[in-house]
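Report on the following structure.
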Amino acid sequence: MAPRKFLSSNNSNAPRVIYWFRTDLRLHDSPALHAALDLKPSVLYPIWTWDPHYVYRARVGQNRFQFLIDCQNDVSSSLTKLNPKQKLLVIREAPQTLIPKLIKEWRITHLVFEKDTDAYARSRDKEVINAAEEAGVKVIIKSGRTLWDSDEVVKQNGGKPTMSMTQLEAAGKKVGDIANPLPTPKKLPDPGDTKLSFDQNIPVSSPDFSKDYREGEEKSYKYGLSGPNKDFGVPTLEELGLQKATTPHKGGESQALSILDTVTNDAQYTATFEKPKTSPAAFDPQSTCLTSPHLHFGSLSVREFWWRVQKVLDGYKGTPSQPPTSLHGQLLFRDMYFGAQAALGWQFGQTYDNSHCRFVPWHLPSKVDLKTGLITGEYEVDDKQAEEYFIRWREGRTGFPWIDALMRQLRQEGWIHHLGRHSVACFLTRGGCYVSWERGAEVFEELLIDHEAACNIGNWQWLSCTAFFSQFYRCYSPVAFGQKWDKEGNFIRRYVPELKDVPAKYIYEPWKTPIADQKKAKVQIKGDGSTEKDGDVKLYPKPMLDFNHQRQVCIDGMKAAYDVKLYGNSKEVKDGTWSKLFDDHGEGLTQGTKGGPGGTMGEHEDATGHEEGEPHSTKTPNGNSSVKAKGSGGAAGGGKREQGQGTLDGSVKRMKNE
DNA sequence: GCCCCGGTTGGGTCT
DNA sequence: GAGACCCAACCGGGG
């Protein structure tokens with residue numbers, strides 16, 4: 001970070017400042033924005049760099065893009081309200097190349113932005129900072145995304161990732177008090193001349209991991225730096241070639257602050273909130289306040305949230321709930337995951353080479369680029385059955401209505417309740433399909449409007465019992481857990497409409513519905529869900545697996561994996577000899593040597609030239625192939641996503657032909 | 001090193 | 001319907 005030398009205000013060369021908006025799309029409580037205004041700039045350029053990484057490589061479905069666009073429009077109109085000459089300047093180019101050119105063109109003296117500890121953001125920002133400093137520009141970076149600066153938290157945790165609430169709370173205490181929110185600025189300086197005389201760097205659009213969500217031509221970089229209207233306007237989904245968003249949830253700081261008002265005006269709700277007691281089956285309205293996407297985009301400050309809740313607690317006469325289940329507890333968990341990610345970097349988002357992620361020989365393991373040590377976005381199909389489980393899980397046609405309703409709500413609305421996420425994540429990994437948590441994390445990354453890399457990765461590790469949590473014998477039932485919350489199955493009737501007239505007695509287990517009742521409900525329980533109708537009769541699939549049997553298979557597998565005590569960075573995981581440590585040599589669950597990182601190396605060597613000397617070179621003898629997940633770029637927010645080869649469709653076709 | 005306890009959110013059975 | 005207890009047994013943290 002650059003030394004923070006402030007120029008004196010009587011300097012005739014008053015600061016010319018770029019304020020770079022990122023995951024801080026708000027004007028309230030923004031330490032970085034205050035730092036920019038404290039410079040008393042003569043001109044202030046509020047910019048957003050339309051980063052091709054976000055457009056093509058990160059997996060962002062149309063719902064999250066829409067939420068981002070909402071946030072950008074809202075912040076832009078707030079800027080205009082403070083100064084009619086101001087607005088958000090959205091510039092279509094990667095920041096690494098764009099910002100150095102802007103510095104020159106606009107004679108910039110200071111670059112100011114909020115710290116981002118995500119793995120990609122760190123590498124991107126390093127390049128930008130270096131280029132800016134080389135150009136003689138002061139770079140000012142302020143922490144503002146979390147309760148405490150995540151790097152400070154890590155430092156106070158002995159340089160280690162925060163892997164428990166105890167560690168986070170102890171480290172946070174040492175860092176100091178949670179900062180009080182800063183007020184929204186009352187005025188803004190003018191922007192300078194926005195003329196751009198340089199050429200636009202057109203990014204490489206391939207691989208395009210959002211391509212499955214596009215219906216029209218992707219035109220993000222087609223109209224030059226300032227967009228189709230030459231006005232630096234916020235892009236539209238049409239410009240991105242994306243399908244229309246289906247989420248009912250709206251982005252923007254105004255929306256976020258209004259939700260916060262509603263929540264904190266209800267002192268009883270705010271003070272006695274206990275997450276495990278909120279229902280995952282509630283909809284319209286849901287049982288929680290849906291601030292998570294606003295925290296992700298920064299349209300809501302987490303410290304504003306903290307202190308507004310504290311104010312309610314201060315005035316509350318009854319017995320308030322406590323962390324970790326209280327509202328404060330939820331915010332603390334977020335900081336815990338940020339503290340884990342800040343310490344571990346790219347490796348946090350994958351099993352391979354992750355010192356804090358337990359090795360389990362899951363099905364469909366990620367492929368690894370041995371040069372970088374990072375996962376590539378492709379995965380190994382070690383088992384055809386597991387691949388089918390995964391596809392049916394992702395598409396919401398497992399034959400378990402509770403799971404399918406949640407997965408369909410996720411796809412439509414971009415949000416499901418935390419406990420719903422627990423249900424589907426447990427089912428995919430340790431409590432059903434025995435598929436790698438990295439596959440599930442990638443699907444969530446695509447579909448969630450509140451996708452926060454640190455929290456998503458952390459929660460998937462939690463649920464799969466590979467980090468943070470280890471009681472794998474506590475397993476969610478795809479039938480009983482939903483029933484506990486919603487006896488009548490109204491949630492299922494809403495999101496799996498083909499079952500809407502099935503009697504409550506069978507709604508969680510429709511395969512038990514007598515034929516006469518199926519006829520009355522105008523649905524037939526048949527097939528695998530790939531066909532919606534048989535003539536005029538709606539179809540809903542039979543369950544794709546015997547849950548009670550699979551639960552035992554998974555628990556036995558987890559026990560074996562815990563017994564061998566391997567982590568992602570263990571020698572045996574990295575050199576592929578891990579399978580020797582399992583009684584069945586990994587033959588049982590993993591179908592032999594094809595599973596796990598060791599199994600991926602053989603395939604990978606072909607691509608990277610590491611032909612010889614690598615142990616455990618393994619081909620796929622029965623013709624299974626490596627595939628890239630649909631719309632996936634890998635890495636659960638972690639990997640570099642540079643390699644993209646086969647397609648899922650290809651693999652499905654191959655499977656059908658066999 | 002050992003023991004004990006607690007761990008945001010399990011399920012099933014019994015009283 | 002709520003609460004106690006068991007199931008089989010994980011980890012980390014504190015004494």
Side-chain angles (χ1 to χ4, degrees), chain A residues 157-158 160-171 173 270-282 286-289 292 309 319-337 339-340 355-360 400 402-403 406 416-432 437 455 458-488 491 508-509 546-567:
Chain A
N157 193 44
K160 298 195 176 90
T162 43
M163 301 304 288
S164 72
M165 200 51 142
T166 316
Q167 289 174 11
L168 184 270
E169 287 186 296
K173 216 170 178 180
T270 299
T272 63
F273 182 93
E274 289 180 83
K275 189 62 160 277
K277 292 191 180 163
T278 59
S279 170
Q286 68 284 341
S287 60
T288 53
C289 43
S292 51
V309 169
T319 311
S321 54
Q322 297 292 323
T325 56
S326 64
L327 278 178
H328 274 174
Q330 307 313 301
L331 304 181
L332 290 167
F333 270 112
R334 183 172 173 272
D335 262 49
M336 178 186 82
Y337 289 134
S355 54
H356 287 69
C357 182
R358 190 177 288 275
F359 172 74
V360 174
F400 292 95
W402 172 247
I403 300 295
L406 287 161
I416 47 179
H417 185 278
H418 189 61
L419 290 178
R421 301 183 197 198
H422 277 216
S423 278
V424 299
C426 181
F427 185 81
L428 182 70
T429 59
R430 66 179 169 87
W437 64 266
C455 301
N459 277 319
W460 273 94
Q461 291 178 0
W462 183 300
L463 261 299
S464 62
C465 290
T466 48
F468 300 102
F469 183 74
S470 51
Q471 291 159 270
F472 54 75
Y473 46 87
R474 289 197 176 171
C475 182
Y476 290 85
S477 158
V479 173
F481 187 71
Q483 274 172 335
K484 192 166 80 182
W485 298 100
D486 179 15
K487 283 264 175 307
E488 293 300 310
F491 179 76
Y508 285 87
E509 300 170 285
D546 175 343
F547 175 71
N548 287 329
H549 175 253
Q550 275 298 114
R551 174 173 52 192
Q552 201 51 54
V553 167
C554 287
I555 288 178
D556 292 348
M558 293 302 287
K559 174 110 181 66
Y562 269 69
D563 281 347
V564 302
K565 294 186 173 61
L566 293 176
Y567 285 81

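Letters go in sequence order (proteins before strands), and every chain restarts at 1.
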Side-chain H-bond candidate by donor/acceptor type, A/His417 with A/Thr288, under 3.5 Å
no
Taking the P atom in each of B/dT8 and C/dC7, what is the distance between them to the nearest angstrom?
24 Å
Are any protein N/O atoms closer than 3.5 Å to N/O atoms in nucleotides 11-13 of chain B? If there are, list each pair with its distance.
residue	atom	partner	partner atom	Å
B/dG11	OP1	A/Ser477	N	2.8

Could you write out DNA chain B as dot-bracket? Rules: Watson-Crick or G-U wobble, both distances under 3.5 Å, brackets [ ] for crossings, | for pairs with another strand, dot for unpaired.
.||||||..||||||
Pairs touching residues 418-429 of chain A that satisfy side chain to side chain donor-acceptor pair (under 3.5 Å), sequence neighbours left out
A/Trp402-A/Ser423, A/His418-A/His422, A/Arg421-A/Asp450, A/His422-A/Tyr476
Taking the side chain as everything from C-beta on, heavy atoms only, tell me whether A/Cys289 gets closer than 4.5 Å to A/Phe273.
no
Is there a side-chain hydrogen bond (donor to acceptor under 3.5 Å, both in side chains) between A/Asp556 and A/Gln552? Walk through the geometry before answering.
CA-CA 6 Å; A/Asp556 292 348; A/Gln552 201 51 54; 3.1 Å; yes
Is the A/Phe427 ring parallel, tilted or perpendicular to the A/Phe547 ring (thresholds 30°, 60°)?
parallel
If I take atom NE2 in residue A/His328 and atom P in nucleotide B/dT8, what distance separates them, rounded to the nearest angstrom?
18 Å
Given A/Cys465 and A/Tyr562, is the side chain to side chain contact (heavy atoms under 4.5 Å, CB included) satisfied, shown in steps?
CA-CA 10 Å; A/Cys465 290; A/Tyr562 269 69; 3.6 Å; yes
Residues which pass salt bridge (Lys or Arg N to Asp or Glu O under 4.0 Å) with A/Lys277, listed by chain and number, not counting sequence neighbours
A/Glu274
Just grab all the side chain to side chain donor-acceptor pair (under 3.5 Å) pairs involving residues 465-474 of chain A, residues at least two apart or on different chains.
A/Ser464-A/Thr466
note: A/Glu169, atom CD; C/dG14, atom P; distance rounded to Å ~ 12 Å
When you look at A/Tyr337 and A/Asn459, which way does the side chain to side chain contact (heavy atoms under 4.5 Å, CB included) test go after all the steps?
CA-CA 8 Å; A/Tyr337 289 134; A/Asn459 277 319; 2.8 Å; yes
Counting only N and O atoms by type, is there a donor-acceptor contact under 3.5 Å from the side chain of A/Asp486 to the main-chain atoms of A/Phe491?
yes
For nucleotides 7-13 of chain C, tabulate all protein N/O to nucleotide N/O atom pairs closer than 3.5 Å, reporting atom names and distance.
residue	atom	partner	partner atom	Å
C/dC10	O2	A/Ser470	OG	3.2
C/dC11	O4'	A/Ser470	OG	3.0
C/dG13	OP1	A/Gln167	NE2	2.7

